[in-house]
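Just so it is clear, the values below take in all heavy atoms, side chains as well, and ignore hydrogens, waters and symmetry mates.
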Amino acid sequence: MTLKDTSFFVRAGEIYGIAGVSGNGQAELAEALIGAQEPTSGEIWIEGMGDISRASSGQPRSAALAAIPADRYAYALAGGLSIADNFAVANIRSGRYGRAALVDRAAMRRDATAAVADYDVQGVRSVDQKAALLSGGNAQKLVIAREFSREPAVVVAHSPSRGLDARACAAVHERLIAARERGAAIVLISEDLDEILSLSDRIGVMNRGRIVTEFVRPADRQAIGRAMVDHA
């Protein structure tokens, strides 16, 4: 699906939910926002940074933006690397673990071990094991633990609770709300309308590659549903 004139803004301290029937451009929008795909036109602005739409996935974008993609192994994890390496990558450039050529691997393992426990990542015998050995839900927990290990100004979360049990879903939602409360701007893209309705301050509806209408909380479920399927 090609995005067409998809325009919206998100304030600091706000969750902007994007609802829609699968295949109406949500995946393409998420990929553009996190830098997985470079848009052919348009701009993506972050206050204080300007247009990041042509930026690489390196430090300028990653320092300000936390990415929780729906496809964990395509865009968020390197399955052949260890859990510790996958967790620490978000902070390598910050100098948290020393210089890039000589990182403090003991500190990386220590932080990863604490995150695995804090986020209840199951199936971990050692943080030196490959991330590919994690189940889908536990891989998602690792991604979320890494992205929230710092305090990004913007969070892009695409189907963040997909594959998680009820307890883990609630924990993810609590993390998103906490990020909003500390002032982050959050874009929540989900096909789970209950998730959108329960978390979002404002809701945009995607239909055929564009935002067709917006709603302010409390939003009318039936009106959102009509906007999702109305192709006029």
Between [X] and [Y], what is the shortest heavy-atom contact and its length?
| X | Y | value |
| --- | --- | --- |
| Val143 | Ala76 | CG2-CB, 3.7 Å |
| Lys130 | Gly79 | CB-O, 3.5 Å |
| Leu176 | Ala157 | CD2-CB, 4.4 Å |
| Gly25 | Leu3 | O-CD2, 3.4 Å |
| Cys169 | Leu164 | SG-O, 3.5 Å |
| Ala227 | Thr213 | CB-CG2, 3.6 Å |

Under a 4.5 Å side-chain heavy-atom rule over Ile, Leu, Val, Met, Phe, Trp and Tyr, are [X] and [Y] clustered together?
| X | Y | value |
| --- | --- | --- |
| Val21 | Leu188 | yes |
| Leu197 | Ile177 | yes |
| Tyr73 | Leu81 | no |

Mark yes when over 12 heavy atoms from residues, nucleotides or ligands other than Arg182 sit less than 6.0 Å from its CZ; otherwise mark no.
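Correct, the count exceeds 12.
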Take a 6.0 Å sphere around CD of Glu181 and say whether it holds more than 12 heavy atoms from other residues, nucleotides or ligands.
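Yes.
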Carefully, step by step, assess Arg162 and Asp192 under the rule salt bridge (Lys or Arg N to Asp or Glu O under 4.0 Å).
CA-CA 9 Å; Arg162 181 184 295 171; Asp192 183 343; over 6 Å; no
Determine yes or no for a side-chain-to-main-chain donor-acceptor pair under 3.5 angstrom, with [X] supplying the side chain and [Y] the backbone.
| X | Y | value |
| --- | --- | --- |
| Asn138 | Val121 | no |
| Gln140 | Asp71 | no |
| Ser190 | Pro160 | no |
| Asp201 | Glu14 | no |
| Gln129 | Arg125 | yes |
| Asn207 | Asp230 | yes |
| Asn24 | Arg208 | yes |
| Ser198 | Glu195 | yes |

Cationic N near anionic O, under 4.0 Å, Arg109 to Asp85
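No salt bridge links Arg109 with Asp85.
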Axial cation check for Phe9 ring with Arg202, 6.0 Å and 45° limits
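Relative to the ring axis of Phe9, which defines the angle, Arg202 lies inside both limits.
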Would Arg11 and Tyr16 count as a cation-pi pair here, with the cationic atom under 6.0 angstrom from the ring centre and within 45° of the axis?
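Judged by the rule (NZ or CZ under 6.0 Å from the ring centre, within 45° of its axis), Arg11 is not positioned above Tyr16.
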Kindly determine whether Glu147 and Val155 satisfy side-chain contact (heavy atoms from CB on, under 4.5 Å), including the steps that lead there.
CA-CA 9 Å; Glu147 295 302 301; Val155 178; over 6 Å; no
Measuring only between side-chain heavy atoms, which start at C-beta, is [X] closer than 4.5 Å to [Y]?
| X | Y | value |
| --- | --- | --- |
| Ile68 | Phe148 | yes |
| Leu29 | Thr6 | yes |
| Leu65 | Pro152 | no |

Apply the test side-chain contact (heavy atoms from CB on, under 4.5 Å) to residues Arg110 and Thr113: give CA-CA distance (whole Å), side-chain angles for both, the deciding distance (0.1 Å), then the verdict.
CA-CA 5 Å; Arg110 185 171 57 249; Thr113 299; 5.9 Å; no
So among Asn86, Val116, Leu142, which one has a side chain to side chain contact (heavy atoms under 4.5 Å, CB included) with Val127?
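That would be Val116.
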Gap separating the [atom1] atom of [X] from the [atom2] atom of [Y], nearest 0.5 angstrom:
| X | Y | atom1 | atom2 | value |
| --- | --- | --- | --- | --- |
| Ile211 | Ile203 | CD1 | CD1 | 11.5 Å |
| Arg221 | Ile196 | CZ | CD1 | 11.0 Å |
| Ile15 | Ser200 | CD1 | OG | 6.5 Å |
| Ile83 | Met108 | CD1 | CE | 12.5 Å |
| Leu77 | Arg72 | CG | CZ | 9.0 Å |
| Gln122 | Asp165 | CD | CG | 9.0 Å |

Under the criterion side-chain hydrogen bond (donor to acceptor under 3.5 Å, both in side chains), I'd like the reasoning laid out for His158 against Glu31: C-alpha separation, chi angles, the key distance, then a yes or no.
CA-CA 9 Å; His158 184 195; Glu31 290 170 7; over 6 Å; no
Once side-chain contact (heavy atoms from CB on, under 4.5 Å) is applied, do any residues pair with Asp111, and if so which ones, sequence neighbours excluded?
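Expected list: Phe87, Arg96, Tyr97.
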Go through the steps for Ile186 and Val10 under the test side-chain contact (heavy atoms from CB on, under 4.5 Å), then give the verdict.
CA-CA 7 Å; Ile186 299 171; Val10 188; 5.8 Å; no
side-chain contact (heavy atoms from CB on, under 4.5 Å) between Asp220 and Ile224, intermediate numbers included:
CA-CA 6 Å; Asp220 185 301; Ile224 292 175; 6.0 Å; no
Check the pair Lys141, Asp118 against salt bridge (Lys or Arg N to Asp or Glu O under 4.0 Å), reporting the backbone distance first and the verdict last.
CA-CA 10 Å; Lys141 292 179 186 179; Asp118 189 28; over 6 Å; no
